[in-house]
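Side chains are part of it too, since the values below use all heavy atoms of this structure and drop only hydrogens, waters and symmetry mates.
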Amino acid sequence: MTVRRRLFLLLLPLGLAACSSAVRTPPLVLSDWQALQWRSFVDDKLKGQIELGEVQGGDAQAQGWMRQALAWAWGTPTRDQTVQDALEDQLRTLRLLASAAQTARYRLDVQLLRVEAEGLLLSAQAQAEVVYRLRERGDAGRLIYERRVRSEGQAGWLDHGLASDRQRLAKEAALRSSLALLARDLVSLRV
């Protein structure tokens, strides 16, 4: 077998993986039917009373073309804005989000302690550790709810051909289960 042919056979799977179709991932928020079911259990004192505060702890934006290329190859970084958008959509879907920040009675702050993915060959596993804090608005607001959630997610080679996309899918699955736990807790919370 010639060197050219070996090189072609070696690079063929990479070329096919790069040409794979875009992944349709489920959104990070609850589905419509889940939200519709859960809305009826929300405490009246919480409806439309939560303001989304800061989301902290996400990965920093890679600077420079080399670091951006490495970040793309080794898995997509987790952005604060992505989690904040998903939380805002989820609170709006459950009708917990205040229409204006001034009218909110409570503030939800989120801190991403760890969102890591591992595994490059056939599957990727991710772990997310997130702290959620719900407190009354104001400087010395009373803490109403605090929970540290550890969740896991995974994506296999059938989910996507590229390892970086598998890692992104695994991270999103871990965050999705964390957000679902938060939603379940907020629905059952009585103030």
Side-chain angles (χ1 to χ4, degrees), residues 22-62 71 75-117 126-153 155 165 167-191:
V23 181
R24 284 192 73 176
T25 60
L28 288 176
V29 295
L30 298 172
S31 66
D32 291 336
W33 65 269
Q34 270 182 322
L36 187 62
Q37 278 183 320
W38 290 11
R39 264 187 227 142
S40 61
F41 296 107
V42 174
D43 188 6
D44 289 334
K45 295 177 183 175
L46 280 177
K47 286 183 182 176
Q49 295 295 323
I50 296 179
E51 167 196 20
L52 184 57
E54 281 189 69
V55 175
Q56 300 174 336
D59 297 330
Q61 176 82 28
T76 309
T78 305
R79 303 265 183 256
D80 292 341
Q81 191 61 44
T82 305
V83 178
Q84 185 158 357
D85 291 344
L87 266 169
E88 190 174 321
D89 288 345
Q90 182 164 300
L91 291 174
R92 186 175 294 114
T93 304
L94 290 171
R95 295 197 177 132
L96 293 170
L97 190 66
S99 57
Q102 299 83 8
T103 63
R105 194 170 158 201
Y106 306 103
R107 178 183 169 102
L108 178 67
D109 292 316
V110 179
Q111 184 178 9
L112 301 171
L113 296 179
R114 180 177 67 122
V115 181
E116 296 175 349
Q127 297 84 28
E129 192 170 349
V130 185
V131 175
Y132 299 103
R133 287 183 190 91
L134 182 68
R135 60 178 68 238
E136 289 181 345
R137 283 188 69 209
D139 295 334
R142 178 176 59 106
L143 184 67
I144 295 172
Y145 169 83
E146 181 176 26
R147 183 166 181 190
R148 185 180 197 152
V149 177
R150 291 184 185 107
S151 56
E152 296 182 354
D165 285 332
Q167 287 188 345
R168 178 181 54 83
L169 289 173
K171 285 179 182 181
E172 287 179 0
L175 286 171
R176 189 176 307 110
S177 63
S178 174
L179 290 173
L181 285 172
L182 171 69
R184 190 183 68 204
D185 285 353
L186 288 178
V187 165
S188 62
L189 184 67
R190 298 293 173 244
V191 201

Calculate, to the nearest 0.5 Å, the distance between atoms [atom1] and [atom2] belonging to [X] and [Y] respectively.
X	Y	atom1	atom2	value
Leu46	Gln49	CG	CD	8.0 Å
Leu94	Trp38	CG	CH2	7.5 Å
Gln90	Leu108	CD	CG	9.5 Å
Leu143	Glu136	CG	CD	10.0 Å
Ile50	Arg95	CD1	CZ	14.5 Å
Gln167	Glu116	CD	CD	11.0 Å

List in chain and number order the residues that pass side chain to side chain contact (heavy atoms under 4.5 Å, CB included) with [X], two or more places apart in sequence or in another chain; answer none if no residue qualifies.
X	value
Leu113	Gln111, Glu129, Val131, Arg148
Glu88	Leu52, Arg92, Leu97
Ala126	Ala117, Ala170, Lys171, Ala174

Original post:
Does atom CD of Glu54 have more than 12 heavy-atom neighbours, drawn from other residues, nucleotides or ligands, at distances under 6.0 Å?
Top reply: no
**OP:** Mark yes when over 12 heavy atoms from residues, nucleotides or ligands other than Lys45 sit less than 6.0 Å from its NZ; otherwise mark no.
**Re:** no
Subject >> Partner residues of Asp109 under the salt bridge (Lys or Arg N to Asp or Glu O under 4.0 Å) criterion, sequence neighbours left out >> reply: Arg107
Original post:
Can you name the residues that form a salt bridge (Lys or Arg N to Asp or Glu O under 4.0 Å) with Glu152, not counting sequence neighbours?
Top reply: none
Exercise answer: donor-acceptor pairs, residues 178-188 side-chain atoms, under 3.5 Å, sequence neighbours excluded:
residue, atom, partner, partner atom, Å
Ser178, OG, Tyr132, OH, 2.7
Asp185, OD1, Arg147, NH1, 3.3
Asp185, OD2, Tyr145, OH, 2.6
Asp185, OD2, Arg147, NH1, 2.6
Ser188, OG, Arg184, O, 3.1
Ser188, OG, Asp185, O, 3.2

**OP:** Determine the minimum heavy-atom distance between Gly153 and Ala173, stating which atoms define it.
**Re:** CA-CB, 3.8 Å
Original post:
Can you check whether Arg142 reaches Arg135 side chain to side chain, under 4.5 Å on heavy atoms?
Top reply: no
Original post:
Leu189 pairs by side-chain contact (heavy atoms from CB on, under 4.5 Å) with which of Leu96, Val42, Leu134, Asp43?
Top reply: Leu134
**OP:** Evaluate the side-chain contact (heavy atoms from CB on, under 4.5 Å) criterion for residues Arg137 and Arg105: first the C-alpha distance (whole Å), next the side-chain angles of each, then the deciding distance (0.1 Å), finally the verdict.
**Re:** CA-CA 6 Å; Arg137 283 188 69 209; Arg105 194 170 158 201; over 6 Å; no
